[in-house]
Amino acid sequence: MLEVMRIPALSDNYIWLMHDSASGDTVVIDPAVADPVLEAAKARGWRIGQIWNTHWHGDHTGGNTAIKAATGCLVTGPAAEAERIGTLDRLVGEGDSVRIGDHVAQVMAMPAHTAGHITYHLFDDRMAFVGDTLFAMGCGRLFEGTAAQMFANMQRLAALPDDTQIYCAHEYTLANGRFALGVEPDNVALKQRMEAVEAARARGEPTVPTSIGAERETNIFMRARDADQLAERRAAKDAA
Ligand code: ZN
Ligand code: FE
């Protein structure tokens, strides 16, 4: 059994702490910072054995050095961004796999937000750690890639099983959903989801993980008909 814990950090980041009870291994995904991660692991009696980074941005790697110093863990991240991250022990890319105990995560290259961005996909466990590629009702900004690349990423993710849990790295759901409603005002699933999201946020509750099934129904970037339409929507959202 894999257990996943959400650790809020900075203004709107989520760091994910994943524990495998069978092997005792614990993985931190995208540690923005170190202290709350080390405290959470200690409180649960979990020993951190690995860090998995999705991309080089500081709000995904800022805790690497201190967590590694405190635990001696192995740091895995995108080979294409090794020079920018600096703290990686193991470099991975498309087609590679990594493990937590007996659970396997396939590495999927998802360039667009950054040039070397990767996703960790645990097919058997129906989980994916997508960093800043896919958000609840949104997608990452195109800092180092193209709309065509992001469109391809959305199509690949949309092809995963509907019950795949999507662990993204930010709580951007409310703003994403409001923008999406302007694009698809008649989308009933989107309207219903936004009512639930508004209520959850009003109670101070998180809205992720999300799922592929929910995104297929409500994510206007995943639902874009082609790269041009995704580009238009992304540009409009950036300007909103
Ligand atoms: Zn980022
Ligand atoms: Fe980020």
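In listed order, ligands and their atoms are each counted from 1.
Shortest distance from the Zn ion (ligand 1) to H113 is reached at NE2 (N/O/S atoms only).
The structure places CZ of F221 at 10.5 Å from CG of L134, a figure rounded to the nearest 0.5 Å.
Between N53 and H60, the side chains place no donor N or O within less than 3.5 Å of an acceptor N or O (distance only, hydrogens not considered).
Within the coordination shell of the Zn ion (ligand 1), defined by N, O or S atoms under 2.8 Å, D59 is absent. Residue side and main chain included, H55 places an N/O/S atom under 2.8 Å of the Zn ion (ligand 1). Among the atoms of H60, no N, O or S atom is found under 2.8 Å from the Zn ion (ligand 1).
Ring geometry, Y120 versus W52: the interplanar angle falls under 30°, so the pair is classed parallel (tilted spans 30 to 60°). Between W46 and H19, the ring-plane angle classifies as parallel under the 30° and 60° cut-offs. Below 30°, between 30° and 60°, or above 60°: for H117 and H113 the angle between ring planes is above 60°, a perpendicular geometry.
For the Fe ion (ligand 2), the count of nearby protein N, O or S atoms, meaning those under 2.8 Å away, is 4.
Checked for salt-bridge contact, E184 and R223 meet the test: a charged N lies under 4.0 Å from a carboxylate O. For E94 and R156, the salt-bridge test passes: some basic side-chain N is under 4.0 Å from an acidic carboxylate O.
Under the 4.5 Å side-chain contact rule for hydrophobic residues, M18 and V28 do not share a cluster.
When rounded to 10 degrees, the angle formed at the Zn ion (ligand 1) by OD2 (D132) and ND1 (H57) equals 170°.
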